[in-house]
Chemist: 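What follows is a single structure, and I will ask about it in a moment.
Please read these numbers as outputs of a predicted model, since none were measured by experiment. Every heavy atom of this structure was used, including side-chain atoms; hydrogens, water molecules and symmetry mates were not. Protein chains get the first letters and strands the later ones, always in sequence-line order, with residue 1 at the start of each.
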Amino acid sequence: MAKNNTDFFQKVYEVVRQIPYGKVSTYGAIAKAIGAAKSARTVGYAMNASHQHEDVPAHRVVNRNGVLTGKHHFPGTLVMQQMLEAEGIEVKNDQIINFEKHLWIPEVQRD
DNA sequence: GGAGTGACGCGGC
DNA sequence: AGCCGCGCCACTC
């Protein structure tokens, strides 16, 4: 069945890695993409370990409200925001402007 | 091995 | 339309 928790993390990284430049995604969208719509919370948890991965743009992942909820976990408080702005995404008060316009929904990952 | 926690989401009030 | 509370899943103590 290959339903090991390790695979879950791997899937999360795969999806996040597919986020194109200048785009952002949500935990819920990623969770759904990997077939675990109810595990949005766990997706965020996986992002913690994503720090040991360099191909995982965790800064492009925000909550469904378009708020940089995970910015506190970055080495700098404004690092996440700066990275998004560098990609052409406007961020105001830890929230992405025109979030829907920058929102990118990943395709469902199937085994 | 039970209980708590967390980078979330949604329904109810 | 904003605030509160519950659910869900993986992980740690």
Chemist: Rounded to the nearest angstrom, tell me the gap between atom NZ in Lys38(A) and atom P in dC6(C).
Modeler: 18 Å
Chemist: Does Lys32(A) reach the side chain of Val108(A), with side-chain heavy atoms less than 4.5 Å apart?
Modeler: no
Chemist: With a 4.5 Å cut-off on side-chain heavy atoms, are Arg17(A) and Val56(A) touching?
Modeler: yes
Chemist: Please evaluate residues Lys71(A) and Val79(A) with respect to the criterion side chain to side chain contact (heavy atoms under 4.5 Å, CB included), reporting the C-alpha separation (whole Å), side-chain torsions for both, the decisive distance (0.1 Å), and the verdict.
Modeler: CA-CA 7 Å; Lys71(A) 76 170 213 162; Val79(A) 174; over 6 Å; no
Chemist: Classify the side-chain pair His102(A)/Glu87(A) by whether it contains a donor and acceptor separated by less than 3.5 Å.
Modeler: no
Chemist: Could you write nucleotides 7-13 of chain B as a row of B, S and -, 5' to 3', where a protein heavy atom under 4.0 Å of any base atom gives B, of only sugar-phosphate atoms gives S, and otherwise -?
Modeler: BBSS---
Chemist: I need the Phe9(A) CZ to Met47(A) CE distance, nearest 0.5 Å.
Modeler: 9.0 Å
Chemist: In this structure, how many angstroms lie between the P atom of dA10(C) and the NZ atom of Lys11(A), rounded?
Modeler: 11 Å
